[in-house]
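Data block below; observations after.
Here is the naming used below: chain letters follow the sequence lines, and residue numbers restart at 1 for every chain.
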Amino acid sequence: QKEVEQNSGPLSVPEGAIASLNCTYSDRVSQSFFWYRQYSGKSPELIMSIYSNGDKEDGRFTAQLNKASQYVSLLIRDSQPSDSATYLCAVNSEWGAQKLVFGQGTRLTINP
Amino acid sequence: GAGVSQSPRYKVAKRGQDVALRCDPISGHVSLFWYQQALGQGPEFLTYFQNEAQLDKSGLPSDRFFAERPEGSVSTLKIQRTQQEDSAVYLCASSSGVQETQYFGPGTRLLVL
């Protein structure tokens, strides 16, 4: 079992709708959780970070964390064609350790 | 300010050739990371520096891979005797400290023929 799992997609969502991206992780002591966006041929760009259970909102983006279920999600409201990208879930898997463990990414396409 | 920069952006190497990839982190960032990203996959951790100290090299796939950061700023990832399976994008990231956000450079795309 991979440490961080995502549905690879592709996920296709109509413009203006809500896109929902999901991620599960295996290490119960994980502390920090991140969503990165990666456009084709570009480097990952941080979208959201979340550290405690519940929801965290930033503009059109909402991250949700449930440590009991070992589940983190990203909601994108009012999806735009420019949101089309691969979304990477990353987990800092050991307290005090620095490395990020990434999922394989979910490819999201927003259809005009 | 300036972000993380990497050079070269593209490198084509013949199998067996040695390559060196450079990373310039964000000024003042003490933590520096190298990741390898294969096509269609998420980045995979290679190694981590705090200042000049290499604190974690658990992700380096073989002893052909070597990284250094002698003055605690610029870092070089060296791959000796390259193999076709080394073909990937090599990403460098830096952060300002423990548990801080990692900012990624544009990556070096390595193709080994």
Transitively linked via ILVMFWY side-chain contacts under 4.5 Å: [X] with [Y]?
X: B:Phe65; Y: B:Phe33; answer: no
X: B:Tyr103; Y: A:Trp35; answer: no
X: A:Tyr36; Y: B:Leu91; answer: yes
X: B:Leu60; Y: B:Leu110; answer: yes

>> Report which part of A:Gln38 has an atom under 4.5 Å of a heavy atom belonging to chain B: side chain, backbone, both, or neither.
In response: side chain
Mark yes when over 12 heavy atoms from residues, nucleotides or ligands other than [X] sit less than 6.0 Å from its [atom1]; otherwise mark no.
X: A:Arg37; atom1: CZ; result: yes
X: B:Arg15; atom1: CZ; result: no
X: B:Leu39; atom1: CG; result: no
X: B:Glu71; atom1: CD; result: no

> Minimum heavy-atom separation for A:Leu100 to B:Phe45, with atom names?
Replying inline: O-CB, 4.2 Å
> Taking only residues at least two apart or on different chains, which pairs with a member in residues 45-55 of chain B satisfy side chain to side chain donor-acceptor pair (under 3.5 Å)?
Replying inline: B:Thr47-B:Gln54, B:Tyr48-B:Gln50
>> Are there residues of residues 59-88 of chain A whose heavy atoms fall under 4.5 Å of chain B's heavy atoms? If so, which?
In response: A:Leu88
> Can you pull out the residues in residues 39-56 of chain A with any heavy atom less than 4.5 Å from chain B?
Replying inline: A:Gly41, A:Ser43, A:Pro44, A:Leu46, A:Tyr51
>> Going by the rule side-chain hydrogen bond (donor to acceptor under 3.5 Å, both in side chains), which residues pair with B:Tyr35 if we only count those two or more places apart in sequence or in a different chain?
In response: B:Gln102
